[in-house]
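This report refers to the structure that appears directly beneath it.
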Amino acid sequence: MINKQKGTLDVLPNDSWKWHKVETAARETARLYSLKEIRTPTFEATELFLRGVGGTTDIVTKEMYTFTDKGGRSITLKPEGTAGVARAYIEAGLSNEPQPVKMYYFTPVFRYERPQAGRLREHHQFGVELYGAQAASMDAEAILIAKSFFDSLGIKDLTLNINSIGCETCRAGYNKALKDYIKPNLDSMCDTCKVRFDKNPLRILDCKEEGCKTLNKNAPSVIDHLCPDCAAHFSKLQGYLKAYGIEYVINPLIVRGLDYYNRTVFEFVSNSIGAQGTVCAGGRYDRLVSDVGGGATPAVGFGLGLERLINVMTALGLMGEDISAPDVYIVTADAAAETACLILGKELRESGISCECDHMGRSIKAQLKYADKLKCRMSCIIGGDELSNNTVTVKDMGAGGQESVKRDRAAAFIKTRLYGGVKK
RNA sequence: GUGGAUGUAGCUUAGUUGGUAGAGCGCCAGAUUGUGGCUCUGGAGGUCGAGGGUUCAAUUCCCUCCAUUCACCCCA
């Protein structure tokens, strides 16, 4: 027996409807906002992520699935969805299309980490990428898209956290202020924070060590050090959110772990699925496209973890149940009727009725029992009597009654019963 | 990479102060004539995570490993 790999998930036949439900809702939301789907490869040149995500980030330094292919190239399974989209945008010359270019994707994402509740080595994301617009209204629309997607699924449990981490110019000033604040206490910080102090002070705010957290509470806020342009952008964003009626919390401690973000960052967080409660996270990344070799292109977007989303919905009792079932089960009441049953099945399917025939050689009783388990709405029975009369016995599995119908009228009769004569 | 918890049938699990295991659900089959849902009866299915040690004897005690799980770092 070879087991599945650590941190991977099988979506089994009895669970796949959950994914369909969520994916259908996502595609409908995408349609409403005129997003077009983009599909990019599962693996890319490692260099893309080094330059896009950032060579010093944890994702790149210790979590990537990187290998050398048979041609000696360094290949990496995508650790996030955005870099590949940026690459495709440049490579296909999408900057020449009318802007903005609004896209969405579904993708597997691979990160080598220890699994726990809400964390896998391969997970799946629904992502949105809005390229070409620098207006704060686009940031607001990204958030609105996520919000209306959650609303369409009935999820009310999520808290929206927003923050602005500024641009390069305000970052420099802020980093200095932060370092000035930290410096007297640097010795009491944890080891990783000491490293962050030099490399990327902003990330100190993200530290979960008790000592560092306490110190961070009174740390200068990024928001107070934004340059006039960034401050205006952040203020406009909040204006749009208020206009949309979207509640949010400004959380100055939100700092994304991917280097490409600037200005707006946000997270939708749930409390119902354990320690890893971030279901959706995103922000603005105006430097990404140029970082991976394209022209200056403002962009904003988010990634949304589908496994976590399904976990939240399950925890909140919003997942519902699988309602897909074959419409009709065809009971082979006599071995001699087998061919007649199979042909009837083909005919029903050709007229749009889903159905199932016996392939197990079961007794009539067992076949009806099975039809009941499948939750079929109707059964057709063909045995010796029906063969000689050229009829089909049609049984209503809900009400329990049954009647004899001429064989050549069977499909039409069943269709009327199932859909009231209106084609599905 | 670090720390804690757990590993008995497909699932949820009981159990033995050490004498090679039961239950519920599920699955399959029956309960006179060609008919499901309720009920009843029967059946299949477990090398008690793997390897080693102690012992006359280990699923039970000890060790190692593996897997799962939760938390940390980090992230969706």
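Just so we're on the same page: letters track the sequence lines, and every chain starts at 1. Scope of the values below: all heavy atoms of this structure, side chains included, with no hydrogens, waters or symmetry mates.
Regarding contacts with the backbone of B:U68, a side-chain N or O of A:Lys6 is found under 4.0 angstrom from either OP1 or OP2. Close to B:G3, at under 4.0 Å from its OP1 or OP2, lies no side-chain N or O of A:Arg114. For B:C28, one of the phosphate oxygens OP1 or OP2 lies less than 4.0 angstrom from a side-chain nitrogen or oxygen of A:Lys373. In this structure, A:Gln276 reaches the B:C72 phosphate: one of its side-chain N or O atoms is under 4.0 Å from OP1 or OP2. Between A:Gln116 and B:C72 there is a side-chain N or O to OP1 or OP2 distance below 4.0 Å.
Looking at heavy-atom distances under 4.0 Å, A:Leu309 makes no contact with the nucleic acid at all. Contact annotation for A:Ala117: backbone-only contact, meaning every heavy-atom pair under 4.0 Å involves sugar-phosphate atoms and none involves a base. Heavy atoms of A:Leu120 sit under 4.0 angstrom from at least one base atom. Across all strands, A:Arg121 comes closer than 4.0 Å to no nucleic acid atom at all (heavy-atom distances). Backbone-only contact: A:Gly274 has heavy atoms under 4.0 Å from sugar-phosphate atoms and none from a base. Within 4.0 Å of A:Asp385, counting heavy atoms only, lies at least one base atom of the nucleic acid.
Comparing B:C72, B:G34, B:A29 against the side chain of A:Ala366 picks out B:A29 as the nearest. Comparing atom distances between the A:His123 side chain and each of B:A76, B:U35, B:G36 picks out B:A76 as nearest.
Below the 3.5 angstrom threshold, one finds no donor paired with an acceptor across the side chain of A:Lys365 and the base of B:U35. Between the side chain of A:Glu386 and the base of B:G34, a donor-acceptor pair under 3.5 Å is found. With hydrogens and angles ignored, a donor-acceptor pair closer than 3.5 Å exists between the side chain of A:Gln402 and the base of B:U35.
B:A29 atom C1' lies 15 Å from atom CD of A:Gln367, rounded to whole Å. Here B:A29 presents its C1' atom at 9 Å from NZ of A:Lys369, a figure rounded to the nearest Å. The distance from atom CG of A:Leu368 to atom C1' of B:U35 is 5 Å, rounded to the nearest whole Å. Rounding to whole angstrom units, CG of residue A:Asp372 and P of B:C27 are separated by 11 Å. Straight-line distance from the OH atom of A:Tyr329 to the P atom of B:G34: 18 Å, rounded to whole Å. Note: CE (A:Met378) to C1' (B:U35) measures 15 Å, nearest angstrom. Here the C1' atom of nucleotide B:G36 and the CE atom of A:Met397 are 5 Å apart, to the nearest Å. Remark: C1' of B:G34 and CD1 of A:Ile364 are 4 Å apart, rounded to the nearest angstrom.
Taking atom C1' in both B:G51 and B:A5, one finds a spacing of 22 Å when rounded to whole Å. Taking atom C1' in both B:G15 and B:G53, the straight-line distance is 25 Å, to the nearest Å. Separation of the P atoms belonging to B:G42 and B:U6 is 37 Å when rounded to the nearest angstrom. For the C1' atom pair drawn from B:C70 and B:G30, the interatomic distance equals 47 Å after rounding to whole Å. Annotation: B:C38 and B:G26 have their P atoms spaced 8 Å apart (nearest Å). Taking the C1' atom of each, B:C65 and B:G7 are spaced 14 Å apart, rounded to whole Å. Taking atom C1' in both B:A14 and B:G24, one finds a spacing of 11 Å when rounded to whole Å. Rounded to whole Å, the separation between the P atoms of B:U13 and B:A31 comes to 36 Å.
With A:Tyr112 as the aromatic partner, A:Arg121 meets the cation-pi criteria of under 6.0 angstrom to the ring centre and within 45 degrees of the ring axis.
Inspection of the A:Lys415 and A:Ser351 side chains reveals no N or O donor paired with an N or O acceptor under 3.5 Å. Counting only N and O atoms by type, the side chains of A:Asp157 and A:Ser270 include a donor and acceptor under 3.5 Å apart. Donor-acceptor pairing under 3.5 Å is recorded for the side chains of A:Tyr33 and A:Ser148. Using a 3.5 Å distance cut-off with no hydrogens or angles, the side chains of A:Tyr248 and A:Gln238 do pair a donor with an acceptor. A side-chain N or O of A:Lys78 and one of A:Thr40 form a donor-acceptor pair less than 3.5 Å apart. Side-chain polar atoms of A:Tyr419 and A:Asp327 form a donor-acceptor pair below 3.5 angstrom.
Between A:Leu241 and A:Ile162 there is a side-chain heavy-atom pair separated by less than 4.5 Å.
For RNA chain B, if you chain together Watson-Crick or G-U pairs that step i with j, i+1 with j-1 and so on, the runs of at least three with distances under 3.5 Å are B:1-7 with B:66-72, B:10-13 with B:22-25, B:27-31 with B:39-43, B:49-53 with B:61-65.
Using cut-offs of 30° and 60° for the angle between ring planes, the A:Phe149 and A:Phe126 rings count as tilted.
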Let me have the donor-acceptor pairs involving side chains of residues 130-137 of chain A, under 3.5 Å, with sequence neighbours excluded, atom names and distances please.
unit_1, atom_1, unit_2, atom_2, d
A:Tyr131, OH, A:Ala86, N, 3.4
A:Tyr131, OH, A:Glu129, OE1, 3.1

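Mapping A:Gly398 and A:Val279 onto RNA chain B via the closest heavy atom, the residue that lands nearer the 5' end is A:Gly398. The residue among A:Arg362 and A:Gly7 whose nearest nucleotide of RNA chain B is located toward the 5' end is A:Arg362.
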